[in-house]
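Below: the structure, in structure tokens.
Remember, it's a predicted structure, so these values are computed and weren't measured experimentally. Below, read A as the first sequence line, B as the second, and so on, with proteins coming before strands; counting in each chain starts at 1.
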Amino acid sequence: MARILITSAIPYINGIKHLGNLVGSQLPADLYARFMRARGHDVMFICATDEHGTPAELAAAKAGKPVDEFCAEMHKVQSGIADGFRLSFDHFGRSSSAQNHALTQHFAGRLNRAGLIEEVSEKQVYSNTDGRFLPDRYIEGTCPNCGYDKARGDQCENCTKQLDPTDLIDPRSAISGSTDLEVRETKHLYLKQSDLKDQLSDWIDSKSDWPILTTSIAKKWLHDGDGLQDRGITRDLNWGVPVKDGEKDWPGMEGKVFYVWFDAPIEYIAATHEWADASGGDWQSWWRTDKGADTVRYVQFMGKDNVPFHTLSFPATIIGANSLNDGEQWKLVDYIKSFNYLNYDGGQFSTSQGRGIFQDQALEILPADYWRWWLLSHAPESSDSEFTWENFQSGVNKDLADVLGNFVSRVTKFCRSKFGEAVPDAGAFGDAEHALITDLTARVRAYEGYMEAMEVRKSAAELRAIWVAGNEYLQTVAPWSTIKENPDMAAAQIRLALNLIRLYAILSAPFIPDASKSMLASMKTTDDAWPDDVAASLSALPPGHVFEVPDVLFAKISDEDREDWQARFAGTRDAAQ
RNA sequence: GGCGCGGUAGCUCAGCUGGUCAGAGCGCUCGACUCAUAAUCGAGAGGUCGGGAGUUCAAGUCUCCCCCACGCCA
């Protein structure tokens with residue numbers, strides 16, 4: 001039994017995410033977690049909401065709520081959606097937790113002691129009306145280059161010219177519109193990532209088995225231009241982890257918080273701490289290699305936009321903190337599975353533009369399994385992939401309703417009408433049955449291989465082929481004909497087919513957990529042991545075992561439904577949730 | 001403008017270190033079957049692998065140039 005730590009990129013708190021976010025990290029992570037649990041491994045599957053930063057403050061203000069209250073509510077909403085999609089987190093934490101505050105401050109303190117923190121003085125725009133410093137992108141004004149009057153402090157969207165906030169003509173706060181702005185001197189902490197560049201580079205180079213998508217992005221940031229830059233890890237905000245040096249105050253840093261990208265990945269660790277506090281478990285044995293985590297395999301799932309932070313920034317934090325060599329050693333990630341983007345009818349899904357299908361809407365129109373199956377079987381692994389309603393409809397109808405659902409239906413109904421609702425006991429397996437078992441054994445082993453390798457699409461294709469094999473078998477042996485001359489043989493055929501339903505339920509559970517549960521329930525069994533021995537597994541339901549004909553497992557998506565949804569989701573929805 | 005990832009059958013996509021690599025699923029056509037959610041099973045048609053040049057005995061598979069789409073950055 002192996003110990004496997006799995007984290008999914010943590011979704012930002014300020015709204016409901018679209019399906020692209022789901023398929024890019026949480027869903028494949030869940031697939032892997034479920035599979036590894038089913039194989040008997042010890043799994044810790046962690047996710048959380050990423051709650052700090054200016055966008056959260058602004059979203060809260062727009063909702064007319066204090067930011068902590070807003071975040072608590074949104075965390076509940078996101079947690080509910082995660083449940084809706086059957087994401088099997090061991091813990092769904094919050095980056096605003098006390099545990100994360102303490103750990104973030106702890107890491108900062110260690111980095112400071114390791115000599116990797118530098119204080120930098122810089123000038124920043126302060127809004128007297130808003131009572132806060134403004135990040136560059138929250139300052140608007142007229143572009144000195146093209147005259148566009150809604151240029152942002154970091155860039156003019158009209159002419160794309162890179163700007164400094166002080167370049168803007170008639171600058172104003174994008175938050176309040178106030179022009180009562182002034183430039184103030186402020187001090188910030190920088191993490192000297194450049195000092196860690198060689199170690200990071202060696203570490204990345206050692207990961208020859210990582211997806212090209214992952215390493216190519218990391219190497220680009222490491223080597224492009226001037227190479228890896230030092231990074232500001234503090235901000236002049238109210239909402240965040242207060243800057244401290246471990247448990248001590250940090251002189252000169254009063255009233256400042258850590259930058260959201262510094263504390264967010266630390267939340268992976270803190271969320272495990274949250275889990276431990278709630279369950280009495282041992283979180284350090286998952287994260288401290290000096291406390292047992294040396295036997296842990298740590299796998300991260302994320303979209304490609306998150307790769308730089310997980311291949312460089314977070315590892316820099318860990319490597320830097322470990323460099324004290326005082327025995328306290330933290331776990332670095334072993335494997336990063338990254339995904340491209342899922343596009344929506346020819347363009348991007350977009351949270352800010354409200355374009356595409358959002359997670360809550362998806363669950364309103366169809367059960368989780370439909371989305372899980374289609375999204376996973378079309379996961380954007382090697383390149384961006386495309387969601388179209390036609391594809392979704394045909395994929396779901398064909399794979400789930402026709403191939404799998406109808407298999408369950410035809411077998412159980414045939415048995416009920418000819419033998420009653422119990423596994424028939426006459427007859428023995430012959431050549432066709434043994435051939436099927438041999439074929440299935442090979443396919444199940446291939447499926448396991450793809451799942452272990454996190455080859456999501458290939459896993460789905462193999463699973464589908466396993467379902468098809470059942471239909472092939474039925475078509476070949478044709479129990480509806482056999483029963484006329486040789487009822488015993490038909491009984492054996494149906495006995496095998498009923499056992500196939502149970503086998504399919506077990507194998508399919510990581511993809512479609514609800515349907516899998518229904519299948520096991522209709523077979524009236526709780527034995528969901530993984531089929532290490534396929535032949536034995538296909539005798540698990542003994543002669544005489546009672547079952548019941550289930551309801552239709554998957555209703556088909558009609559053309560009317562599809563057209564209806566297509567129209568409904570063609571526009572945009574209010575971006576701010 | 002620079003960089004990155006792609007451009008393979010109508011659609012969505014596989015094709016690792018060059019030599020059964022021209023494939024899968026869907027769609028389409030034809031056939032079989034009738035237990036089943038008008039389901040299933042089989043067969044077939046469909047592509048000069050974005051364009052051009054080059055390296056090689058041999059190139060979707062390597063090199064160079066160009067075109068197109070997307071993304072990131074400046």
Side-chain angles (χ1 to χ4, degrees), chain A residues 20 154-156 159-163 208-209 211-221 223-226 229 303-308 338-350 373-375 377-419 450 453 455-465 467-484 490 493-494 497-498 501 515 549-558:
Chain A
D154 55 346
Q155 180 180 36
C156 174
C159 68
T160 75
K161 185 178 170 56
Q162 212 65 18
L163 300 171
S208 53
D209 62 328
I212 298 169
L213 180 66
T214 304
T215 50
S216 70
I217 292 174
K219 286 178 181 171
K220 182 193 169 213
W221 283 62
H223 305 304
D224 248 30
D226 301 328
Q229 299 297 301
K304 60 183 169 185
D305 50 328
N306 274 327
V307 168
S338 55
F339 289 84
N340 285 285
Y341 293 139
L342 179 69
N343 290 325
Y344 179 73
D345 267 340
Q348 276 193 19
F349 274 89
S350 167
W373 172 256
W374 193 90
L375 290 170
S377 60
H378 293 77
E381 288 180 294
S382 60
S383 63
D384 291 356
S385 68
E386 183 79 14
F387 176 97
T388 67
W389 284 101
E390 287 82 358
N391 250 311
F392 177 69
Q393 179 194 23
S394 76
V396 163
N397 285 354
K398 192 71 189 171
D399 299 347
L400 295 181
D402 294 347
V403 175
L404 177 62
N406 181 57
F407 177 81
V408 172
S409 183
R410 68 194 295 203
V411 169
T412 53
K413 286 183 178 171
F414 181 80
C415 185
R416 179 173 62 184
S417 74
K418 305 298 181 189
F419 300 100
Y450 288 136
E455 295 260 21
V456 178
R457 276 178 185 247
K458 288 180 180 173
S459 300
E462 194 60 51
L463 179 59
R464 195 194 124 97
W467 297 339
V468 167
N471 282 315
E472 267 173 36
Y473 167 75
L474 282 186
Q475 212 61 33
T476 306
V477 300
W480 49 90
S481 301
T482 315
I483 196 163
K484 292 169 192 161
Q493 290 164 351
I494 287 302
L498 286 166
I501 294 174
V549 175
D551 293 336
V552 167
L553 270 184
F554 298 99
K556 291 199 194 193
I557 297 171
S558 68

If you measure only the distance, is there a donor-acceptor pair under 3.5 Å linking the side chains of A:Asn397 and A:Lys556?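 No.
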With syn defined as a glycosidic angle within 90° of 0 and anti as the rest, where does B:rG46 land?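 What B:rG46 shows is a syn base, its glycosidic angle lying within 90° of 0.
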So, is B:rG31 syn or anti if syn means the angle is within 90° of 0?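 Classified anti.
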Check if the side chain of A:Gln475 and the base of B:rU40 share a donor-acceptor pair of N or O atoms closer than 3.5 Å.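 In this structure, the two groups form a donor-acceptor pair.
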Polar pair under 3.5 Å, donor/acceptor by atom type, side chain A:Asn406, base B:rA39: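 A donor-acceptor contact between them is absent.
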Interatomic distance where [atom1] belongs to [X] and [atom2] belongs to [N] [whole Å]:
{"X": "A:Phe339", "N": "B:rG6", "atom1": "CZ", "atom2": "P", "answer": "16 Å"}
{"X": "A:Leu404", "N": "B:rA39", "atom1": "CG", "atom2": "P", "answer": "16 Å"}
{"X": "A:Glu390", "N": "B:rG27", "atom1": "CD", "atom2": "C1'", "answer": "12 Å"}
{"X": "A:Asn471", "N": "B:rG42", "atom1": "CG", "atom2": "C1'", "answer": "13 Å"}
{"X": "A:Trp373", "N": "B:rG25", "atom1": "CH2", "atom2": "P", "answer": "14 Å"}
{"X": "A:Ile557", "N": "B:rU37", "atom1": "CD1", "atom2": "P", "answer": "19 Å"}
{"X": "A:Asn391", "N": "B:rA24", "atom1": "CG", "atom2": "P", "answer": "18 Å"}
{"X": "A:Trp467", "N": "B:rG25", "atom1": "CH2", "atom2": "P", "answer": "15 Å"}

Could you check whether A:Trp374 and A:Trp389 have their ring centres less than 6.0 Å apart?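 Between A:Trp374 and A:Trp389, which both carry aromatic rings, the centre distance is not below 6.0 Å.
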Just to confirm, is there a sub-4.0 Å distance from OP1 or OP2 of B:rU40 to any side-chain nitrogen or oxygen of A:Lys398?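 Indeed, a polar side-chain atom of A:Lys398 lies that close.
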Distance test, side-chain N/O of A:Lys413 to OP1/OP2 of B:rA39, below 4.0 Å: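 The answer is no; no side-chain N or O of A:Lys413 sits under 4.0 Å from OP1 or OP2.
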So, taking the atom named [atom1] in [X] and the one named [atom2] in [Y], what distance separates them when rounded to the nearest 0.5 Å?
{"X": "A:Ile483", "Y": "A:Ile494", "atom1": "CD1", "atom2": "CD1", "result": "8.0 Å"}
{"X": "A:Thr388", "Y": "A:Asn343", "atom1": "OG1", "atom2": "CG", "result": "11.5 Å"}
{"X": "A:Phe339", "Y": "A:Asn306", "atom1": "CZ", "atom2": "CG", "result": "13.0 Å"}

Euclidean distance for [atom1], [N] against [M] (whole angstrom):
{"N": "B:rC21", "M": "B:rU37", "atom1": "C1'", "result": "38 Å"}
{"N": "B:rU63", "M": "B:rA24", "atom1": "P", "result": "28 Å"}
{"N": "B:rC33", "M": "B:rG42", "atom1": "C1'", "result": "10 Å"}
{"N": "B:rG18", "M": "B:rC64", "atom1": "P", "result": "16 Å"}
{"N": "B:rA69", "M": "B:rG51", "atom1": "C1'", "result": "15 Å"}
{"N": "B:rC49", "M": "B:rG15", "atom1": "C1'", "result": "10 Å"}
{"N": "B:rC3", "M": "B:rC65", "atom1": "P", "result": "10 Å"}
{"N": "B:rG60", "M": "B:rA53", "atom1": "P", "result": "14 Å"}

Counting heavy atoms from C-beta on, name the nucleotide in [options] closest to the side chain of [X].
{"X": "A:Phe554", "options": "B:rU37, B:rG71, B:rC35", "result": "B:rU37"}
{"X": "A:Phe414", "options": "B:rG27, B:rG15, B:rC35", "result": "B:rC35"}
{"X": "A:Lys556", "options": "B:rC41, B:rC26, B:rA39", "result": "B:rA39"}
{"X": "A:Arg464", "options": "B:rC13, B:rU40, B:rC26", "result": "B:rC26"}
{"X": "A:Ser481", "options": "B:rU40, B:rU34, B:rG15", "result": "B:rU34"}
{"X": "A:Asp402", "options": "B:rC26, B:rU40, B:rU12", "result": "B:rU40"}
{"X": "A:Ser394", "options": "B:rC41, B:rU12, B:rC26", "result": "B:rC26"}

Stacking check: are the rings of A:Trp480 and B:rC35 less than 5.5 Å apart at their centres and under 30 degrees in tilt?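 A:Trp480 ring centre within cut-off of B:rC35 base, planes near parallel; stacks.
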Using both distances under 3.5 Å as the test, list the Watson-Crick or G-U wobble partner of B:rC64, or none.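 WC or wobble partner is B:rG52.
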Using the rule given for side-chain contact (heavy atoms from CB on, under 4.5 Å), can you reason through A:Val396 versus A:Phe554, listing the C-alpha separation, both sets of side-chain angles and the distance that settles it, and then say yes or no? CA-CA 9 Å; A:Val396 163; A:Phe554 298 99; 5.9 Å; no
Nearest heavy atoms of A:Gln475 and A:Arg410, plus distance in Å: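 Heavy atoms of A:Gln475 and A:Arg410 come nearest at OE1-NH2, 3.2 Å.
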